[in-house]
Asker: 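A single structure is presented below for examination.
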Number of protein chains: 2
Amino acid sequence: MENLNRYAPVLEKSPLFSGVSRQDLFSILGCLDPVLKKYPKNNYILLLGESISHIGIVLKGTVQLFKESQEGNKNILLTLHPGELFLEAQVCAGLEQSGVTIYAKTDAAVLWIDFHHIMKNCSSLCGFHTKVIENMVGTIARKNLELNQKLEILSQNTIREKLLTYLSKEQEKQKTNPFTIPYNRNELAEYLSVNRSALSRELSALQKEGLLTYHKDQFQLYFLP
Amino acid sequence: MENLNRYAPVLEKSPLFSGVSRQDLFSILGCLDPVLKKYPKNNYILLLGESISHIGIVLKGTVQLFKESQEGNKNILLTLHPGELFLEAQVCAGLEQSGVTIYAKTDAAVLWIDFHHIMKNCSSLCGFHTKVIENMVGTIARKNLELNQKLEILSQNTIREKLLTYLSKEQEKQKTNPFTIPYNRNELAEYLSVNRSALSRELSALQKEGLLTYHKDQFQLYFLP
DNA sequence: AAAATAACGTTGCATTTGCAACAAAAAGGA
DNA sequence: TCCTTTTTGTTGCAAATGCAACGTTATTTT
């Protein structure tokens, strides 16, 4: 548990513990029986098909979720940063095996918490537990809305429309106009499920037409979303 | 509350109350302070932008969720039947205004339950509450996985792959081999976000190649998923 | 039954996209 | 600094897709 002290700032700002004071945080953690694990850069955290019973909290580093097809193609589903949860939907839905692959893009640390420990009220800490459960529901619900947004992007039928939909949403989220996206070209192409060179082609066409400018992962839009 | 008696069978089989006996059901309902409302055929249940604080349970009729674009195009997101929940993700995520329009396709009845009443344990009924909360989390989490499945389908890059992915999943779900899909061609094309005639073209190609046979909404697969 | 409507399949053509190969630019290492 | 590796842009070509128009088959209505 002492090891966890250094991650207290991350845990405090984690959506799972939002609204919980640092003191209460450690009371709750003592009750949730969490497991801290560390993963070196470019190592797998969880493989497709492995059994799952715990939800994960990223404490350090960048963690990516992939969907692998039988042919071995990898498709980025999510990129996670410290404080964020993963596997919570699968575990809460009662899945027993992972349908995704999880990967440490940088050196990473993950806190694993058994789902049943979260849902079962222990007698002494009901108040805290209620808050944690509420936070977990909220987290899953927000992820739900995010998935809906990605569906909206992927259901556009041209690369141009996918790009404009994605960039608009990203710009609205960040509320600044030159803004930075969290993907390089390859990753963006994977995220949008399109060919990388076709994506580059479309980007320069959009720039030529004056709809936007970009450099690397910096974008500026010249149209109203 | 008496009015609710006639809807007990629907409520019992609703995912929100699964595993709850009829007796307990009414205890819980007394504590959740639900509001029953009826809507005539072809009337709006909720407009875009209206404030939301309650989750809905369809008690009777067919209810449709629409996404409206700025241009006014309406896009069916979901068609709901008795027992099913709606707005649960939006409300649990803390959204205060609706991003969708909801509509009574037939005469309908809806039970509205304040989200905060679900999450706040009342002193006397903790056991029931825990079950209801668990059900709600599970429902949102499963919807989450469904969205992930649709994302997997839409992230395939050819119509052929989208079709085969969709049909495989549908076949596995139904576990019978000549099986029936819930869409006609137009709806299937919309679901897969592809052109209808291109879809037909691909279907007959697949049939010609012996991978499957079909007639209307009946499909039979000749490959192992 | 006849007529009208809707659903589905087919096809030619224009556009979009994927693919591959290569060039240019940027980043990282020795 | 120089060299290597990675990232990004460019382009020709083939394949896939959207689009539109039309014919056929099912379904519904009168």
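So you know, we letter chains A, B, ... as the sequences are listed, proteins then strands, and number each from 1. Just so you know, these numbers use all the heavy atoms, side chains as well, and skip hydrogens, waters and symmetry mates.
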Asker: Chain B on DNA chain C: first and last contacting nucleotide, 5' to 3', under 4.0 Å to a heavy atom?
Answerer: dC8(C) to dG12(C)

Asker: Report the residue (K216(A) or L199(A)) whose heavy-atom-nearest nucleotide on DNA chain C is the more 5′ of the two.
Answerer: L199(A)

Asker: So for the helix from dA1(C)-dT30(D) to dA30(C)-dT1(D), with five pairs setting each end axis, what is the inter-axis angle to 10°?
Answerer: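 Answer rounded to 10°: the end axes differ by 50°.
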
Asker: Search all heavy atoms of E161(B) against all heavy atoms of N157(B) and return the closest pair with its distance.
Answerer: OE1-OD1, 2.8 Å

Asker: Distance-only, no hydrogens or angles: does the S14(A) side chain make a donor-acceptor pair with backbone N or O of V10(A) under 3.5 Å?
Answerer: no

Asker: Taking salt bridge (Lys or Arg N to Asp or Glu O under 4.0 Å) as the definition, give me every residue that meets it alongside E187(B), ordered by chain and number, with sequence neighbours left out.
Answerer: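 Testing E187(B) for salt bridge (Lys or Arg N to Asp or Glu O under 4.0 Å), a comparison that skips the adjacent residues, returns none.
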
Asker: Any base atoms under 4.0 Å from S204(B), or only sugar-phosphate, or nothing? Heavy atoms, all strands.
Answerer: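 Since only primed, P, OP1 and OP2 atoms lie under 4.0 Å of S204(B), the category is sugar-phosphate.
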
Asker: Can you measure Q207(A) atom CD to dT8(D) atom P for me and round it to whole angstrom units?
Answerer: 14 Å

Asker: Could you check whether Q97(B) and S51(B), counting side-chain N and O atoms only, form a donor-acceptor pair closer than 3.5 Å?
Answerer: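 Side-chain D/A pair, S51(B) to Q97(B): absent.
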
Asker: For R142(A) and V137(A), indicate whether the former's side chain and the latter's backbone hold a donor-acceptor pair under 3.5 Å.
Answerer: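 Checked: no pair found.
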
Asker: Could you list all N or O pairs between the protein and nucleotides 13-17 of chain D that sit under 3.5 Å apart?
Answerer:
residue : atom : partner : partner atom : Å
dT17(D) : OP1  : I159(B) : N            : 2.5

Asker: Any chance the side chains of N42(B) and Y103(B) put a donor and an acceptor closer than 3.5 Å?
Answerer: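 Yes, a side-chain donor-acceptor pair sits under 3.5 Å.
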
Asker: Is it true that, when you exclude E209(B) itself, more than 12 heavy atoms of the residues, nucleotides or ligands shown sit nearer than 6.0 Å to its CD?
Answerer: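 Buried by this count: over 12 neighbours within 6.0 Å.
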
Asker: Can you name the ring pair (Phe, Tyr, Trp, His ring centres under 6.0 Å) partners of F219(B), sequence neighbours left out?
Answerer: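 Partners of F219(B) by the ring pair (Phe, Tyr, Trp, His ring centres under 6.0 Å) criterion, ordered by chain and then number, come out as Y214(B).
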
Asker: When you measure from the side chain of N184(B) to the backbone of D217(B), do you find a donor-acceptor pair of N or O atoms at a distance under 3.5 Å?
Answerer: no

Asker: Look at the side chain of T62(B) and the backbone N and O of T106(B), then say whether any donor-acceptor pair between them is shorter than 3.5 Å.
Answerer: no

Asker: Looking at residues 181-190 of chain B, who's got a heavy atom less than 4.0 Å off DNA chain D?
Answerer: none

Asker: Any idea how Y166(A) and Y191(A) line up, ring-wise: parallel (<30°), tilted (30 to 60°), or perpendicular (>60°)?
Answerer: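 Y166(A) vs Y191(A) ring planes: tilted.
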
Asker: For K41(B), does its backbone N or O pair with a side-chain atom of D107(B) as donor and acceptor, under 3.5 Å?
Answerer: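 Answer holds: yes.
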
Asker: Using a strict threshold of under 4.0 Å (side-chain N to carboxylate O), is an ion pair present between K162(A) and E202(A)?
Answerer: no

